2 protein chains.
Amino acid sequence: MVSIKQVAKQAGVSFKTVSRVVNNDPNVREETRARVQEAIAALNYRPNRAARMMRNQQSGVIGFISDEVVTQPYAGDLLIGAQEVASQHDKVLMVVNIENDRIGRQRAIDMLLERRVEALVYASYYHKEVQVPQEMLQVPSVLVNCYAENETLTTFIPDEVQAGYDATRLLLEQGHKRIGHITLNPDIVASVKRLEGYRKALAEAGISYDPQLIVQGESRFDEAGDSASVEKAVAELLKLTHQPTAFVCGKDEFAMQAYFEFSKRGLQVGRDIAVTSFDNQRMIAPGLSPGLTTMALPHFEMGQAAMNSIFNQGDDMVTRLIPFSVIERQSHLLKN
Amino acid sequence: MVSIKQVAKQAGVSFKTVSRVVNNDPNVREETRARVQEAIAALNYRPNRAARMMRNQQSGVIGFISDEVVTQPYAGDLLIGAQEVASQHDKVLMVVNIENDRIGRQRAIDMLLERRVEALVYASYYHKEVQVPQEMLQVPSVLVNCYAENETLTTFIPDEVQAGYDATRLLLEQGHKRIGHITLNPDIVASVKRLEGYRKALAEAGISYDPQLIVQGESRFDEAGDSASVEKAVAELLKLTHQPTAFVCGKDEFAMQAYFEFSKRGLQVGRDIAVTSFDNQRMIAPGLSPGLTTMALPHFEMGQAAMNSIFNQGDDMVTRLIPFSVIERQSHLLKN
DNA sequence: CTAGTATTTGACAACGTTGTCAATAGATGG
DNA sequence: CCATCTATTGACAACGTTGTCAAATACTAG
């Protein structure tokens, strides 16, 4: 690799002069500058960031620890949002994935701290509580899409309550009074908080809460192919004497399966039943017919917000709720 | 930040001795070693990789340039696969995303080269041709999920032909003779290659190719919500005098929409019609009923393979086709 | 106890930069 | 033409490591 000294030799100047040219120091004679630039181009010289870093004690690197974040569809937007802001500040992201502890959190953090990351982002792939490794506190850090009890880290999480509220409110506005809710596994924060939002919207509309309308859509967490449960959930809800006319589905997959269940029974979303949901899976929601109205998780925005907070130092520790986007398609409307 | 010298002072030894302890040099008296380790722990010392790198001219960093890779569901597995292998070799990944040229390919590569990445991975989020920036050639580089004409870079791409062949073969094995194919946009490599595989399977089974059975499922690339086309495609295929009894769908979304179209017409997948597809969207395929048999893109494997090839230097440039996984659920079977 | 050897430790240079300060060259004014 | 000033350039140290080699210490045998 070519160094500043080789360039200096080639241009017939001292290496300090080359340094000046590289850093756009104005105190260089034009003629000299040209000669140096020529040499730089000829040798294809590139400054060595490691050496630079040694001098000014700044790595320009921000660590991004993800908890399998990229396997979850679109949770990768978190990374992209963060990356975008980082890059605006001329920082680069060093990404480590701690999936199944294969790499090991400890080693991941060591790696990043040895590389003198200027800050750390810890991102989870779904909204949950995490144990923050103590080492993270040595460096400005933020939590994204996860939170820690008793910790003092700035935290960015999606506003689940608001999302539950919005999903329900859209249906209430259409005049529905009986709204079924197929929930996620109750171990999940999202499930609990969204239900809270659902109840809040109901209360605000003066409709009393009926526990019969709440059915769990899956039994164990993230169990793929557990479609039987949504099937059962829909059956159970439609069996009620006072049937729901609208459904809030815990995620787009549930909605998709519900569409099928309705279809089997001769019911049609958009005509007989209104539906809202969560996630805005781009592979599902727009493809359903009618298009699924759904609350999109603010992954990108959380990534951006987290990175921004890193650059706006001095803020005290806060927990910031980032709002979902309400993606209105047609499934929440009934036309007749 | 605490340096080796401060540790040395604390332990009352020369900094060189600390260096030895840090690097597990056996030539240190046990008593001294213990004293140094104590000091290291007390001061929470961590070696500085930048300084280390200056000495041995190795950054330990591998650049990962992605072309929006993480926005595509599960394409992020590419990153994870790569990360896993890198980490086994004690390397860390520096990730730059070049989405919409917002950052700029040039700047991204400059950033990485200034940081003296030991190799570069260029990953695309869907299988396509790319223009490789010349600068990439300065460092060992591989292409993943994309390819470049006239270039001499080792390339890892999914074996689309084989996937098309497998998807078709599964149906042929069940005795189907008329197999409809709803294709992706023909601009896409995947579309063309999978059709090739489809034809190959047909030919091998002695069934003549009928262009009427091939219908395009979308008009423009990646146009979200373009569901009308799958609707039309299914209608068109079912209108044929000699109706297909099985469908190869270009992606799981198509399959999902086809399920709905069949359902509307009183046809049921698994009873009247067999279906195979591509992608194994974990949010769709297992949730359909019957479960969708689909060809899973080998994202993770491509990431691994790419990174492995970086560590197994000396290989000549090759293009390696990575096989899809055949995910057999029930949709390709008819029970009656 | 001494010489000789083996073990343990330390001094110093180097990696590629940038900051500090001194040296040189060119320009200005008398 | 000399003194002074300014613009331009260069020498050197330092950042935190590790490799090389020499110095110091401990150990062994006679």
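Lettering of chains follows the sequences in order, A, B, ..., and the numbering in each one begins at 1. The model shown is predicted, which means the values in this text are computed figures rather than measured ones.
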Under a 4.0 Å threshold between the charged nitrogen and the carboxylate oxygen, would [Y] count as salt-bridged to [X]?
{"X": "B/Lys128", "Y": "B/Asp67", "result": "yes"}
{"X": "A/Arg46", "Y": "B/Glu114", "result": "no"}
{"X": "A/Asp77", "Y": "A/Arg282", "result": "yes"}
{"X": "B/Arg320", "Y": "B/Asp159", "result": "no"}
{"X": "B/Glu38", "Y": "B/Arg35", "result": "no"}
{"X": "A/Arg107", "Y": "B/Asp90", "result": "yes"}

Just to be sure I understand the rule, does [X] reach a base, reach only the sugar-phosphate, or reach nothing, if contact means heavy atoms closer than 4.0 Å?
{"X": "B/Val22", "value": "nothing"}
{"X": "A/Ser19", "value": "base"}
{"X": "B/Arg20", "value": "base"}
{"X": "A/Asn27", "value": "base"}
{"X": "A/Arg46", "value": "sugar-phosphate"}

All heavy atoms of A/Val139 vs all of A/Ala119, minimum pair found to be CG1-CA, 3.5 Å
Quick check on DNA chain C: between A/Arg55 and B/Gly12, whose nearest nucleotide comes earlier from the 5' end?
B/Gly12
Which is more 5' along DNA chain C, the nucleotide nearest B/Arg33 or the one nearest B/Met54? Just name the residue.
B/Arg33
So how far off straight is the helix from C/dC1-D/dG30 to C/dG30-D/dC1, going by the axes through five pairs at either end, to 10°?
50°
Comparing A/Arg35 and B/Ala50 on DNA chain D - which has the more 5′ nearest nucleotide:
A/Arg35
Between A/Arg29 and A/Arg116, which is nearer to the 5' end of DNA chain D once each is assigned its nearest nucleotide?
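That would be A/Arg29.
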Please round to the nearest 0.5 Å and tell me the distance separating atom CD of B/Glu129 and atom CD1 of B/Ile157.
10.5 Å
Among A/Val117, A/Ile62, A/Val121, which residue satisfies the side-chain contact (heavy atoms from CB on, under 4.5 Å) criterion with A/Leu93?
A/Ile62
Interface limits on DNA chain D, where chain A has a heavy atom under 4.0 Å of a nucleotide atom:
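Contacts span D/dT8 to D/dG16, reading 5' to 3'.
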